[in-house]
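Below: the structure, in structure tokens.
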Amino acid sequence: MKGSLLYEGKAKKVYHVTDEAEKLILSYKNDATAFNGKKKDEFEGKGRLNNLITSRIFEYLQQQQLPSHFIKALNDTEQLVAKTTIIPLEVVVRNIAAGSITRRLGIVEKSAFNPPLVELFYKKDELDDPILNDQHALYLTNVNDKELEFIKQKALQVNEHLKDLFNQAGLDLVDFKLEFGRLEDGTIVLADEISPDTCRLWDKETGEKMDKDVFRESLGDLITVYENILQRLEENTCAK
Ligand code: TMP
Ligand code: ASP
């Protein structure tokens, strides 16, 4: 049963589970924020879409032997997950240049990265999530060398599986952000969410942006786009 509120973030609320200290409930909100909360809005149905999309994706990854904190979807907007302590790193994998890397390094949008790039950002709103090198990450978090390597390898494995999944759905996976958490016993697992809020997805045929850039750049109706993503995933994954 849903217990007390543990934490409220920009896109989700996190609740305790009564009598099950090792589990949490994530409740997806309708809020959308961009540019570290400087742009804000609310979209009826967004919480449901991100919950259902993330659930599909984590189920798919589990079928590919890639474990995460995900246990199951509970209803339209909530999911049950294993309790982890989130490592304050945003692990970004890039297949195609877009977003901050084009501004930071002057790389032309749509340039391909072969092999894909892995970037680390410090998850700290007060600092605007600055980019880190490995030594910064080792200094600022409690992960060791081997664990950081593990995290980067996992992120690249997730990339291979997600590229396949989205490819079948007619989408190019441009880039995405992952977060990892530590279970009670210290094991590091994939956590947080994987949704069009945390991925860049471009339609393979039209090149149309089908992710949170629609909101960031005011390109159209976010809900129609996210519904289309869920529908494509439903056609390309089997429900449990
Ligand atoms: P960036 O190009 O802005 O660095 O974003 C890279 C990817 O990470 C993109 O798919 C969006 C995602 N992302 C998040 O999920 N959360 C964030 O706070 C930011 C800045 C990016
Ligand atoms: N997630 C960040 C925010 O909420 C930035 C972004 O996704 O663009 O502001």
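Start at 1 and go down the list; that is how both ligands and their atoms are numbered.
Contacts between Arg216 and ligand 1 below 4.0 angstrom, taking non-hydrogen atoms only, involve the side chain exclusively. Contact annotation for Glu90 and ligand 1: only side-chain heavy atoms (C-beta onward) come within less than 4.0 Å of the ligand. Using a 4.0 Å cut-off between heavy atoms, Arg94 contacts ligand 1 through its side chain alone, with no backbone atom that close. At a heavy-atom cutoff of 4.0 Å, ligand 1 is contacted by the backbone of Asp197 but not by its side chain.
Between the Asp172 side chain and the Val174 main chain, no donor and acceptor come within less than 3.5 Å of each other. Using a distance-only test at 3.5 Å, with no hydrogens or angles considered, no donor-acceptor pair links the side chain of Glu179 to the main chain of Lys123. In this structure a side-chain-to-backbone donor-acceptor pair under 3.5 Å is present from His69 to Asp192.
At the top of the distance list for atom 7 (C) of ligand 1, counting protein heavy atoms only, stands Asp175 OD1, 3.6 Å. With hydrogens left out, the protein atom closest to atom 8 (O) of ligand 2 is Arg216 NE, 2.7 Å, a heavy atom. Among protein heavy atoms, atom 3 (C) of ligand 2 sits closest to Thr33 OG1, 3.1 Å. Regarding atom 2 (C) of ligand 2, its nearest protein heavy-atom neighbour is Asn36 N, 4.1 Å. Considering only non-hydrogen protein atoms, atom 1 (N) of ligand 2 sits nearest to Lys212 NZ, 3.6 Å. What sits closest to atom 12 (C) of ligand 1 on the protein, heavy atoms only, is Lys177 CB, 3.7 Å.
Within the listing of ligand 1, atoms 10 (O) sit less than 4.0 angstrom from a heavy atom of Phe176. Under a 4.0 Å criterion applied to the non-hydrogen atoms of Cys199, ligand 1 contributes the atoms 10 (O). Under a 4.0 Å criterion applied to the non-hydrogen atoms of Lys10, ligand 2 contributes the atoms 3 (C), 4 (O). Close contacts of ligand 1 with Arg200, meaning ligand atoms under 4.0 Å from a residue heavy atom, involve 1 (P), 2 (O), 3 (O), 5 (O), 6 (C), 9 (C), 10 (O). Taking every non-hydrogen atom of Phe35 and a distance limit under 4.0 Å, the qualifying atoms of ligand 2 come out as 5 (C), 8 (O), 9 (O). Of all the atoms in ligand 1, the ones that sit under 4.0 Å from a non-hydrogen atom of Ala98 are 2 (O). The ligand atoms of ligand 1 that sit less than 4.0 angstrom from a heavy atom of Thr198 are 10 (O), 12 (C), 15 (O). Listed by number with element, the atoms of ligand 1 under 4.0 Å from a non-hydrogen atom of Gly99 are 2 (O). When each atom of ligand 2 is checked for a heavy atom of Gly37 under 4.0 Å away, the hits are 3 (C), 9 (O).
Salt-bridge formation is detected for the pair Arg232/Asp203: a Lys NZ or Arg NE/NH1/NH2 atom is positioned less than 4.0 Å from an Asp or Glu carboxylate oxygen.
With 3.5 Å as the limit, one finds no donor-acceptor pair spanning the side chains of Asn50 and Lys29.
Taking every heavy atom of both residues into account, Glu193 and Tyr28 meet most closely at CB-OH, 3.3 Å. Scanning both residues, Val225 and Asp211, for their nearest heavy atoms gives CG1-N, 3.9 Å.
Put simply, NZ on Lys163 and CG on Asn95 are 4.5 Å apart, with the number rounded to the nearest 0.5 Å. In this structure, CD1 on Ile87 lies 6.5 Å from CG on Asn142, to the nearest 0.5 angstrom.
The six-membered or imidazole ring of Phe43 lies near that of Phe215, with a centre-to-centre distance under 6.0 Å.
Residues Phe150 and Leu148 are members of one and the same hydrophobic cluster, defined by side-chain heavy-atom contacts under 4.5 angstrom among Ile, Leu, Val, Met, Phe, Trp and Tyr.
Residue Ser100 has at least one nitrogen or oxygen atom sitting less than 3.5 Å from a nitrogen or oxygen atom of ligand 1, judged on distance alone.
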Test side-chain hydrogen bond (donor to acceptor under 3.5 Å, both in side chains) applied to Lys39 and Ser218, step by step: CA-CA 11 Å; Lys39 179 169 177 169; Ser218 307; 2.8 Å; yes
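Distance remark: protein heavy atom not present below 4.0 angstrom from atom 20 (C) of ligand 1.
Side chains of Lys40 and Asp31 form no contact here, defined as non-hydrogen atoms less than 4.5 Å apart.
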